[in-house]
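Heads up, the thing below is written out as structure tokens.
Since this is a predicted model, take the numbers as computed values, not measurements. Proteins come first, then strands; the chains are lettered A, B, ... in the order of their sequence lines, and each starts at number 1.
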Number of protein chains: 2
Amino acid sequence: MDKDTDKKLKSRNIKPTAMRELVLKVLTEQKTAISLPELEDKFVYADKSTLYRTLKTFEDKKLIHSIDDGSGAIRYAVCQDTCECNPDDLHVHFYCTSCKQTFCLNEISVPEINLPSGFSLKSVNMVVKGICINCR
Amino acid sequence: MDKDTDKKLKSRNIKPTAMRELVLKVLTEQKTAISLPELEDKFVYADKSTLYRTLKTFEDKKLIHSIDDGSGAIRYAVCQDTCECNPDDLHVHFYCTSCKQTFCLNEISVPEINLPSGFSLKSVNMVVKGICINCR
DNA sequence: AAAACTTTGCAACTCGGTTGCACCTGTTTT
DNA sequence: AAAACAGGTGCAACCGAGTTGCAAAGTTTT
């Protein structure tokens, strides 16, 4: 059992099962955002639905956030420690069309938008597509 | 046959078949972006794959643009006349979580982003989620 | 009018996501 | 300690969006 992952789970009110610890560990070691199918590949013996529900639980409890990068599969990445997934916490994501990896640009927060009057904002999904530094 | 739709198709180098004229007409009359499944509902007698390929053709020829609003289905909307779908042509989209409609905010272009060095930009998908003016 | 090419319709399939249900495991209650 | 309970996991099946191969229908070219 990893003390740190364990703590992290508890800090977000998630019961730390063996499965969850393993998933969180993979997510933490992962530098780029990962999709459910990709996660499945890393866990040959775990069931798809278990992994699915694990991700959903993590997302509900704001341990991870999801990114729809337009690749057809939703990807997930661990949130910053202080993140509450409010509009202020949102950052820009980068999708590399060459290596198909999705990066969290944590330093770049999504610009403010002045919506037409009558429209209210809840959240923003901003994905920049291009070529990443490794593929150039 | 509608002269205007016909002209519009030709101007983008698309052979104006009956099917395509009808689809373009629906897309033009539509105030919000529409998905393939939604389009299917409007064409009871047309085949899914035909509609699918029609949308793809339109998109290739830059008559329409696609929006991934995170709803699970890609939506399409007619481009502005001068649009070439370059990064400069890109505008923000608004997805209403109540009525599930997606609006093109044509007046609001996507803000510029300073990517980390080594990353190059090709396009941007920016979707703001919230409540639209009709649902408030 | 025949040949060549394009568009359309049908059917089947892929793949990501999702759910119902049974089983199992660990915890609480009696 | 046994029984009851709650929650987590695995299996199987399903859904819905998107996609493709192929044959039929329609157009264009020669």
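Using the six-membered ring where Trp is involved, A:His93 and A:His65 have ring planes that are tilted, between 30° and 60° apart. The aromatic rings of B:Phe94 and A:Phe119 sit perpendicular, their planes meeting at an angle over 60°, well past the 30° parallel limit.
In this structure, A:Phe43 places its CZ atom 17 Å from P of D:dG8, rounding to the nearest Å. The interatomic distance linking B:Met19 (CE) with C:dC10 (P) rounds to 12 Å, in whole Å. The NZ-P distance, from A:Lys61 to D:dG7, rounds to 10 Å in whole Å. Protein atom CG of B:Asn13 is 12 Å distant from nucleotide atom P of C:dT7, rounded to whole Å. In this structure, A:Leu55 atom CG and C:dT19 atom C1' are separated by 16 Å, rounded to whole Å. Here the P atom of nucleotide C:dG17 and the CG atom of B:Asp68 are 12 Å apart, to the nearest Å. Atoms CZ (A:Phe58) and P (D:dG8) sit 11 Å apart, rounded to a whole Å. Rounded to whole Å, atom P of C:dC15 lies 14 Å from atom CD of A:Glu38.
In this structure, the side chain of B:Ser123 does not engage the main chain of A:Lys129 through any donor-acceptor pair within 3.5 Å. A distance-only check finds no donor-acceptor pair linking the side chain of A:Arg12 to the backbone of A:Leu63 [under 3.5 Å]. In terms of modelled atom types and a separation under 3.5 Å, the side chain of B:Asn125 and the main chain of B:Asp68 share a donor-acceptor contact.
A salt bridge is defined here as a Lys NZ or Arg NE, NH1 or NH2 lying under 4.0 Å from an Asp or Glu carboxylate O, and A:Lys56 with A:Asp60 fails to meet this definition.
The distance from the CG atom of B:Leu90 to the CG atom of B:Asn106 is 11.5 Å, given to the nearest 0.5 Å.
Counting non-hydrogen atoms under 4.0 angstrom, A:Thr50 reaches a base of the nucleic acid.
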Reading 5' to 3' through nucleotides 15-22 of chain D, protein heavy-atom contacts under 4.0 Å coded B for base, S for sugar-phosphate only, - for none = --SBBBB-

With B for base contact, S for sugar-phosphate-only contact and - for none (protein heavy atoms under 4.0 Å), nucleotides 24-30 of chain D reads -------

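Counting only residues at least two apart or on different chains, no salt bridge (Lys or Arg N to Asp or Glu O under 4.0 Å) pair has a member in residues 87-101 of chain A.
Using modelled atom types and a 3.5 Å distance limit, the side chains of B:Glu21 and B:Thr5 yield no donor-acceptor pair.
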